A.B. asks: 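One structure, pasted below without further comment.
Atoms considered below: every heavy atom in the structure, side chains included; atoms not considered: hydrogens, waters and symmetry mates. Chain letters run A, B, ... following the sequence lines, proteins first and then strands; every chain starts at 1. These figures come from a predicted structure and were not determined experimentally.
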2 protein chains.
Amino acid sequence: MTASAAQTSPRKRTGNGAARRIDADEIGLDGLIGHAGYAVRRFQIWIFQDFIKTLREVDIRPTQYSVLTVIGANPGLSQMAVAKRLGIERARLVHLLDSLEERKLLKRVKSKSDRRSHALHLTAQGETALAGFKRLAAEHERHIEEKIGKANRERLLQILAGFT
Amino acid sequence: MTASAAQTSPRKRTGNGAARRIDADEIGLDGLIGHAGYAVRRFQIWIFQDFIKTLREVDIRPTQYSVLTVIGANPGLSQMAVAKRLGIERARLVHLLDSLEERKLLKRVKSKSDRRSHALHLTAQGETALAGFKRLAAEHERHIEEKIGKANRERLLQILAGFT
DNA sequence: TATTGTTATACTCTATAACTATA
DNA sequence: TATAGTTATAGAGTATAACAATA
């Protein structure tokens, strides 16, 4: 990690030293270089944008995908359990589930053992749809591989395994 | 950082098999494991929370820090240039600058060469304050090292260097 | 015509608090 | 009492569109 991030780009000579237009790639980041948080944030934005674009045809966003995947793998989970596992506020999960339920991808079933809670299940339609979402998500992962390299993606997953 | 994040927790025996309470760390993520986006997003949330906590005493958030750092390293930048460089919407930057200007950390100076634009500068007070913010930010980076290891943090920065 | 800074609107997400029905 | 789900609200943050001043 060196101190300067400035990629060289052709200097524009305008004849007016003071007013020269400065391109974004000429601007130094100074202390921001070497900040893991900044790099991770920019990378995360890139990843989400690619995910959203790749799954646009099915109108599924990253959080919706994570909710469906976890319920698919653990049928009968309560809303609290899903919220805790994914780090989503339970108040926010209510709305996420509302929209997924309206789209007939999952259903809330009254729990018999604890009548306060709902058991969450994918519908048959939801199971089928999720399989399609997963194929598109795999395509998205390949985009990441193309961007940073297969080995780097693997290494990244190893480094961050503790945060899942 | 091992492959499994599950901390073992005492199983709760209720005598009611069907209704047993499921702890968050018992829930499988299925397809989410192996998704770079999910791991990166969780990591990014952890980093931002630690940054906000570490710089709470000076009331500076990650985006504010990045704006001050870039202006400090490139005095006289226009709002458009800062917005482009950091990937912030120019409409959003207006409000960010408003609050930083109210706090006397920076000032907008009318550009003489292009009277549409403002040249951004730190105030003397802003320079001094930024030095303190940088010390706290460095402390935050050490937290990351403690969390994932020094070598892994370095490797991460290398992998993501292209996104800054 | 195009660009800079600004204002405004809508939608996503986070963070809380409070309410209800249960436990 | 405490918990699960819900509703509501406020503040970030993102995404747009439109406007005035200026290029």
A.B. asks: Without decimals, in angstroms, what is the distance between B:Gln64 CD and D:dG13 P?
C.D. replies: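 In whole Å, D:dG13 P lies 8 Å from B:Gln64 CD.
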A.B. asks: Roughly, in whole Å, what's the span from CG in A:Leu86 to P in C:dC13?
C.D. replies: 13 Å
A.B. asks: So B:Trp46 and B:Phe43, would you call those rings parallel, tilted or perpendicular, with 30° and 60° as cut-offs?
C.D. replies: parallel
A.B. asks: Roughly, in whole Å, what's the span from CE in A:Met80 to P in C:dT22?
C.D. replies: 18 Å
A.B. asks: Using salt bridge (Lys or Arg N to Asp or Glu O under 4.0 Å), reason through B:Arg108 and B:Asp98 one step at a time and then give a plain yes or no.
C.D. replies: CA-CA 9 Å; B:Arg108 290 165 162 114; B:Asp98 284 348; 3.0 Å; yes
A.B. asks: Taking the nucleotide of DNA chain C with the closest heavy atom to each, which residue, A:Lys110 or A:Phe48, is nearer the 5' end?
C.D. replies: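 Whichever sits nearer the 5' end wins; that is A:Phe48.
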A.B. asks: What pairs of residues pass the salt bridge (Lys or Arg N to Asp or Glu O under 4.0 Å) test when at least one of them lies in residues 120-130 of chain A, not counting sequence neighbours?
C.D. replies: none
A.B. asks: If I take atom CG in residue B:Leu106 and atom P in nucleotide C:dG5, what distance separates them, rounded to the nearest angstrom?
C.D. replies: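 For the pair B:Leu106 CG and C:dG5 P, the rounded distance is 13 Å.
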A.B. asks: With sugar-phosphate meaning primed atoms plus P, OP1 and OP2, does A:Ser111 contact a base, only sugar-phosphate, or nothing at under 4.0 Å between heavy atoms?
C.D. replies: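 Contact class for A:Ser111: none.
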A.B. asks: Measure NE2/A:His118 against P/C:dT22 and give the value in whole Å, please.
C.D. replies: 10 Å
A.B. asks: Rounded to the nearest angstrom, tell me the gap between atom CG in B:Leu97 and atom P in C:dT4.
C.D. replies: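 Going from B:Leu97 (CG) to C:dT4 (P), I get 15 Å.
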A.B. asks: Measure from CD1 on B:Ile52 to P on D:dG11 and round the result to the nearest Å.
C.D. replies: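 Whole-Å distance recorded here is 16 Å.
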A.B. asks: For the rings on A:Phe133 and A:Tyr65, is their centre-to-centre separation under 6.0 Å?
C.D. replies: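 Distance test on ring centres: not under 6.0 Å, no.
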A.B. asks: Please step through side-chain contact (heavy atoms from CB on, under 4.5 Å) for the pair B:Met80 and B:Arg90, ending with a clear verdict.
C.D. replies: CA-CA 6 Å; B:Met80 273 306 294; B:Arg90 71 187 204 275; 3.2 Å; yes
A.B. asks: Figure out the CG/P separation between B:Asp98 and D:dA12, and round it to whole Å.
C.D. replies: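 Interatomic distance, CG of B:Asp98 to P of D:dA12: 13 Å.
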A.B. asks: Once salt bridge (Lys or Arg N to Asp or Glu O under 4.0 Å) is applied, do any residues pair with A:Lys107, and if so which ones, sequence neighbours excluded?
C.D. replies: none
A.B. asks: Measuring from the side chain of A:Gln79 (C-beta onward, heavy atoms only), which nucleotide among C:dT7, D:dT6, C:dG5 has the closest atom?
C.D. replies: D:dT6
A.B. asks: Would you say the side chain of B:Leu160 lies within less than 4.5 Å of the side chain of A:Tyr38, judging by non-hydrogen atoms?
C.D. replies: no
A.B. asks: When you check every protein heavy atom under 4.0 Å of nucleotides 14-23 of chain D, what one-letter string (B, S, -) results, 5' to 3'?
C.D. replies: B-B-B--BBS
